[in-house]
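Step one of this worksheet: look at the structure below.
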Amino acid sequence: MSPLSTLKFIKNNKRHTFSSALAIVTAIVFLFIFECFIESMMQSAYYATASVLERQIEISPAGSKTLNENIISGVKSSADIEKIIPALTQETAFNIFGAGGTTQVYGLRSSDVSYFLRQHGSKLKEGRLPISKDEIAIDMHVSKNRKLKIGDSMGNKVDKLDSLAGKYTVVGILEGIDCVSITSDPFTDLKNVDENTILENGLIAFPKPGRLEAAGNDLKQYSNEDVNVYTLSWMNSIFDDSVESIKVMDTIAIIAIIVMAVCLVCSKYAQFYNRKAEFGILYAMGFSRKSIMLRALREVMMVNLGSFIIGLSLGILSCVFIIGDLYSKSGGLPVFICEKAVVLSIIAPLFTTLFTLIPVFRMLSSVDPVTVIEAN
Amino acid sequence: MEFNIEKLNLIYDMDKAAQTIGLRDVNLALSGNRLVGILGPSGSGKSSLLYCMAGLRRQTSGNVSFEGHSYKDMSTAKLAALRRSDFGFVFQRHFLVEYMTILDNVLTPVNASSKKMRDKALNLLGRLGIEELANKKPHQLSGGQRQKAAIARALINEPKVIFGDEPTASLDHASAREVMKLLDEYKQNAMVLIVTHDESILDNADTIIRIWDGAISSVQNKEEGATA
């Protein structure tokens, strides 16, 4: 290694290099875990509550009311709808680390169950589908989240904090694209009535392929104080509102990066300033200002690039262990790498490099070897 | 090698009301391998003359040329390249880089670490009697040893001219004599220019230039006697 090489400098200044790198690595690891945690929280919450709406639209009466005939016939006649099935929609608790919430539980006619499961890419992983009264097959994520296995009981008669009315016995575990849980047929008492009467209790409309948005736009006209129409666009607007608070946290994260960068920049500038005599003598010896500046550039970039790579690797590993542990075990969807985390992780070393080099270059461009010589 | 200085003037603080004249109307011609002493009291302009000759300061007026190349026609980058290829420097303070070993400090002007250069550097340190200190850091050496390392650094690129600005000022008498002995030996290979206020170290100088208040008062060549 030549005496003025960057690797030689790092080798001879391990303590300084380590302290500079440590600040950046710590910032990146913290940001990575923070952003992946938020992403895991959002994705888990979305999976639990919203993913079903990528394949269906739910219309249910508010309170103890029923859906009127006009709504039912309007939905049936919609050109964007492929099939309608009656459904009694309830919720059960699904608490993810960082966010409390619920997920849907559907009471379906026995004849509609296989179509419903097929639409959501869901199949039986364990046990059987509910047949007898007060039986339930739950999504495997719900099973992990609530630590329920086949044979266990759930509902607000078992746990007062659960929003699922009654007491159900878990007979099956479902696994699929969406988080769906189904109870035994709640319409057994309505076997001999016409379908519209059953549909008055609530329905699920499945759009034709590629017509989800159009169907949602068509059916949202029925939404009023007595009727709830749940579409994907409606759910996304709910999520967008919650994302606003996340943006505040992102702003705080960026401010934290800037503060870290400023502190590091001051420290790095001081280190370069203390080497003014070295740079002055190099210039006296005949090294051009350009070569001296390039040397400074390489030193800063190599340390920051190395810090970024180490920080990113440790960030991903930390997410695998911390978030993986928190979310996988609780039935959530862990995220180990997300775009925002990578972008924010790049910002830390980028800011530091830029804001270090600007004052350092200004200092190096004005270093006068004669002043250095005579000052000593 | 040959230096020609014509009507050299150096004025500091040109843009201020109170200007300082560093050099006034200096004319000088130096050639050949020799030890040249530039002697004068503090503030007389001897270091200013050295800086102009080394290309570290641009003259206000007049001209300095080295081997026929005028500094006026050379860009800052070209002057830097000239210093790197043809000049070596020894200052009052050693200016060794504290985090580098002595060997790396010696190799700095050539910025190379090939076996050939390392052997050359070790050979130089050996001739200066400090080869065993090659892997030490500067703070582990005495003042005299550091100055010897600085001399080795100045010699590594086989310069045509060595500029010494008060190279013995911060040394004890014994170390000062040793350093001057080494520089005196090197005058067989190059022009050695020593700026000092201590005439006692210039016993073996071939030329002594006396400078007073920015102007040369006399140039004394050993073989010729004093000239005005």
Side-chain angles (χ1 to χ4, degrees), chain A residues 1-21 267-268 270-300 302-303 361 364-376, chain B residues 10 12 22 47-48 50-52 54-58 75-114 117-118 121 137-138 150 153-154 156-157 159 163 165-166 169-170 195:
Chain A
M1 278 185 275
S2 56
L4 298 176
S5 71
T6 307
L7 285 174
K8 195 86 184 222
F9 174 80
I10 290 171
K11 189 185 161 204
N12 287 330
N13 292 278
K14 290 191 192 81
R15 205 180 295 174
H16 281 143
T17 307
F18 178 74
S19 65
S20 298
S267 157
K268 290 295 292 181
Q271 284 176 21
F272 274 96
Y273 190 84
N274 288 338
R275 293 166 65 192
K276 224 173 160 182
E278 175 192 337
F279 297 124
I281 286 307
L282 285 175
Y283 185 66
M285 277 189 229
F287 288 90
S288 64
R289 282 201 201 278
K290 185 180 165 186
S291 67
I292 295 170
M293 284 186 186
L294 276 173
R295 188 177 167 229
L297 174 73
R298 279 192 295 268
E299 282 174 18
V300 172
M302 199 176 271
V303 169
F361 278 178
L364 290 177
S365 66
S366 62
V367 165
D368 176 27
V370 172
T371 309
V372 166
I373 292 161
E374 293 188 336
N376 289 274
Chain B
L10 179 66
Y12 295 105
S47 294
S48 298
L50 183 140
Y51 298 147
C52 285
L56 289 171
R57 270 274 185 268
R58 289 275 191 190
S75 64
T76 310
K78 278 209 169 124
L79 275 174
L82 174 69
R83 288 198 299 274
R84 194 154 172 210
S85 61
D86 290 351
F87 296 166
F89 295 89
V90 184
F91 299 106
Q92 180 177 340
R93 187 174 165 258
H94 52 83
F95 289 113
L96 297 173
V97 179
E98 290 295 332
Y99 60 80
M100 286 188 197
T101 62
I102 295 303
L103 185 60
D104 282 337
N105 267 289
V106 173
L107 290 168
T108 295
V110 294
N111 196 25
S113 61
S114 62
M117 291 311 305
R118 290 172 73 85
K137 297 274 172 74
R153 182 180 63 188
I156 190 73
N157 60 341
F163 295 93
D165 186 8
E166 308 269 12
S170 52
V195 162

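Naming convention: chains lettered A, B, ... in sequence-line order (proteins, then strands); numbering from 1 in each chain.
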Mind running side-chain contact (heavy atoms from CB on, under 4.5 Å) on B/Y99 and A/E278 for me, showing each step along the way?
CA-CA 10 Å; B/Y99 60 80; A/E278 175 192 337; 2.7 Å; yes
Heaviest contributor of heavy-atom pairs below 4.5 Å to chain A, chosen from B/L96, B/N111, B/D104, is B/N111
Could you look at A/M1 and say if it's the side chain, the backbone, both or neither that has a heavy atom under 4.5 Å from chain B?
backbone
Output, in order, the C-alpha distance, side-chain angles, deciding distance and verdict of side-chain contact (heavy atoms from CB on, under 4.5 Å) for A/N12 and B/E98.
CA-CA 10 Å; A/N12 287 330; B/E98 290 295 332; over 6 Å; no
Closest non-hydrogen atom pair between A/I373 and B/F95, with its separation
CA-CZ, 3.7 Å
Sort and list the pairs that fulfil side chain to side chain donor-acceptor pair (under 3.5 Å) and have at least one residue in residues 279-292 of chain A, not counting sequence neighbours.
A/S288-A/S291
Shortest non-hydrogen contact from A/P3 toward B/L107
CG-CB, 3.7 Å
Crowding at OH, B/Y12 (>12 non-hydrogen neighbours, <6.0 Å)
yes
Can you name the nearest heavy-atom pair linking A/A284 to B/F89, along with the distance?
O-CE1, 3.2 Å
Nearest 0.5 angstrom please: A/F9 CZ to B/M100 CE, how far?
9.0 Å
Segment of B/D165 engaging chain A (4.5 angstrom heavy-atom cut-off)
side chain
Can you tell me which of B/P109, B/P159, B/S85 forms the most heavy-atom pairs within a distance under 4.5 Å of chain A?
B/P109
Heavy-atom contact with chain B under 4.5 Å, split by part of A/K8
side chain
Assess whether side-chain contact (heavy atoms from CB on, under 4.5 Å) is satisfied between A/I281 and B/R153, documenting all intermediate values.
CA-CA 12 Å; A/I281 286 307; B/R153 182 180 63 188; 4.2 Å; yes
B/I156 side, atom CD1; A/M285 side, atom CE - distance, nearest 0.5 Å
11.5 Å
With a 4.5 angstrom heavy-atom cut-off, could you sort out which part of B/A112 is near chain A: side chain, backbone, both or neither?
backbone
